[in-house]
Amino acid sequence: MLSLLYQEGPSTEGIFRRSGSAKTCKELKEKLDSGAEVDLACESIFVTASLFKDFLRNIPGSILSSQLCDKWVSVMDQGNNEEKIKSIQRLIEQLPRANVVLLRYIFGVLHGIEMRSEENQMNAFNLAICIAPSLLWPPVSSTPDIESEFTKKISSLVQFLTENCCRIFGEEINSLFGEI
């Protein structure tokens with residue numbers, strides 16, 4: 001899924017913004033959940049993007065860990081970019097290894113898409129608006145006003161992560177997918 005998004009996402013206008021067919025997404029999710037063989041390359045890239053966001057939303061406690069929610073939200077209130085990056089790196093160290101590996105690949109994909117934002121209309125801000133709600137959510141539900149404010153803060157964090165992913169995860173983020 002990520003490999004396909006890495007390949008096609010940068011040249012796809014509105015990737016992560018446009019949804020795939022709900023019916024197709026549901027059918028493919030059922031096939032994937034049952035362990036059936038699925039060739040996503042034969043599907044719309046928007047279906048793949050929708051399935052991927054759905055996968056992220058179904059990670060128990062979120063990929064960034066709802067237990068660390070308050071700490072993630074407060075990162076963007078800190079001083080300069082260096083302090084933010086160091087705080088993010090400390091938070092990443094507290095995540096399970098599998099989450100960290102997946103995050104590196106996710107931000108490798110987002111970075112690749114953002115690098116061609118002139119073509120795909122998906123700069124770091126637009127990507128963050130689309131993907132942030134799938135990466136972290138509060139451990140308990142709250143009022144719509146509080147949730148709206150939370151979403152803005154997490155979107156700002158994801159935008160910062162996307163724009164600074166090489167400094168946060170290392171320059172090798174550019175070569176995670178090899179020569180595809």
Side-chain angles (χ1 to χ4, degrees), residues 1-3 5-6 9-10 12 14-17 49 52-178:
M1 228 183 262
L2 280 170
S3 180
L5 289 168
Y6 180 79
T12 304
I15 190 71
F16 292 118
R17 182 185 296 135
F52 185 65
K53 289 194 309 186
D54 180 69
F55 165 77
L56 291 172
R57 283 189 295 270
N58 283 292
I59 293 174
S62 81
I63 190 168
L64 291 175
S65 178
S66 293
Q67 292 177 333
L68 299 172
C69 191
D70 291 340
K71 292 178 181 178
W72 283 114
V73 169
S74 69
V75 164
M76 296 310 290
D77 296 331
Q78 295 181 14
N80 62 33
N81 286 354
E82 287 306 313
E83 291 170 14
K84 290 175 184 159
I85 288 170
K86 287 192 185 342
S87 291
I88 289 168
Q89 289 171 329
R90 282 192 297 273
L91 285 169
I92 288 171
E93 288 171 3
Q94 296 177 52
L95 296 172
R97 179 83 182 120
N99 293 37
V100 175
V101 170
L102 182 54
L103 279 171
R104 289 173 55 99
Y105 279 93
I106 290 168
F107 283 97
V109 168
L110 296 178
H111 178 67
I113 293 168
E114 187 222 5
M115 296 304 293
R116 291 185 42 199
S117 63
E118 290 288 323
E119 180 180 347
N120 60 43
Q121 306 302 305
M122 294 301 287
N123 58 27
F125 175 81
N126 293 335
L127 287 166
I129 294 295
C130 295
I131 203 106
S134 301
L135 298 180
L136 182 66
W137 49 86
V140 293
S141 61
S142 56
T143 67
D145 288 345
I146 292 172
E147 286 186 15
S148 174
E149 189 59 33
F150 175 82
T151 301
K152 286 178 191 170
K153 287 184 177 190
I154 295 306
S155 294
S156 176
L157 171 69
V158 172
Q159 178 181 351
F160 184 83
L161 279 160
T162 303
E163 291 170 344
N164 295 279
C165 66
C166 294
R167 292 177 59 206
I168 293 165
F169 294 104
E171 287 294 330
E172 63 274 8
I173 204 165
N174 289 311
S175 58
L176 287 175
F177 293 92

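What you see is a predicted model, and the numbers here were worked out from it, not measured in a lab.
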Within-4.5 Å side-chain heavy-atom neighbours: [X] and [Y]:
| X | Y | result |
| --- | --- | --- |
| Leu135 | Leu56 | yes |
| Leu176 | Leu2 | no |
| Ile168 | Ile173 | no |
| Trp137 | Ile154 | no |
| Pro10 | Met115 | no |

For the residue pair [X] and [Y], what are the closest heavy atoms and their distance?
| X | Y | answer |
| --- | --- | --- |
| Val100 | Ile92 | CG2-O, 3.5 Å |
| Ala124 | Glu163 | CB-CG, 3.5 Å |
| Pro138 | Cys69 | CA-SG, 3.8 Å |
| Pro133 | Thr151 | CG-CG2, 4.4 Å |
| Ala132 | Val158 | CB-CG2, 3.7 Å |
| Leu68 | Gln94 | CD2-OE1, 3.4 Å |

Answer yes if the side chains of Glu114 and Thr162 hold a donor-acceptor pair under 3.5 Å, and no otherwise.
no
Stepwise, does the side chain to side chain contact (heavy atoms under 4.5 Å, CB included) test hold for Lys84 with Asn81?
CA-CA 5 Å; Lys84 290 175 184 159; Asn81 286 354; 4.2 Å; yes
Rounded to the nearest 0.5 Å, what separation is found between the [atom1] atom of [X] and the [atom2] atom of [Y]?
| X | Y | atom1 | atom2 | answer |
| --- | --- | --- | --- | --- |
| Leu5 | Phe177 | CG | CZ | 8.5 Å |
| Cys165 | Leu103 | SG | CG | 11.5 Å |
| Leu102 | Phe107 | CG | CZ | 10.0 Å |
| Ile59 | Leu136 | CD1 | CG | 11.5 Å |
| Phe169 | Ile85 | CZ | CD1 | 11.0 Å |
| Ile131 | Leu110 | CD1 | CG | 5.5 Å |

Quick one, Lys71 with Arg90, criterion side chain to side chain contact (heavy atoms under 4.5 Å, CB included). Give me CA distance, side-chain angles, the key distance, then yes/no.
CA-CA 10 Å; Lys71 292 178 181 178; Arg90 282 192 297 273; over 6 Å; no
Tell me whether [X] contacts the main-chain N or O of [Y] through its side chain, where contact means a donor paired with an acceptor under 3.5 Å.
| X | Y | result |
| --- | --- | --- |
| Trp72 | Leu64 | yes |
| Ser148 | Pro144 | no |
| Ser134 | Arg57 | no |
| Asn99 | Ile63 | yes |
| Asn120 | Ile113 | yes |
| Arg17 | Met122 | no |

Is the Phe52 ring parallel, tilted or perpendicular to the Phe16 ring (thresholds 30°, 60°)?
tilted
Over 12 foreign heavy atoms within 6.0 Å of [atom1], [X]:
| X | atom1 | result |
| --- | --- | --- |
| Gln67 | CD | no |
| Asn80 | CG | yes |
| Glu118 | CD | no |
| Phe125 | CZ | no |

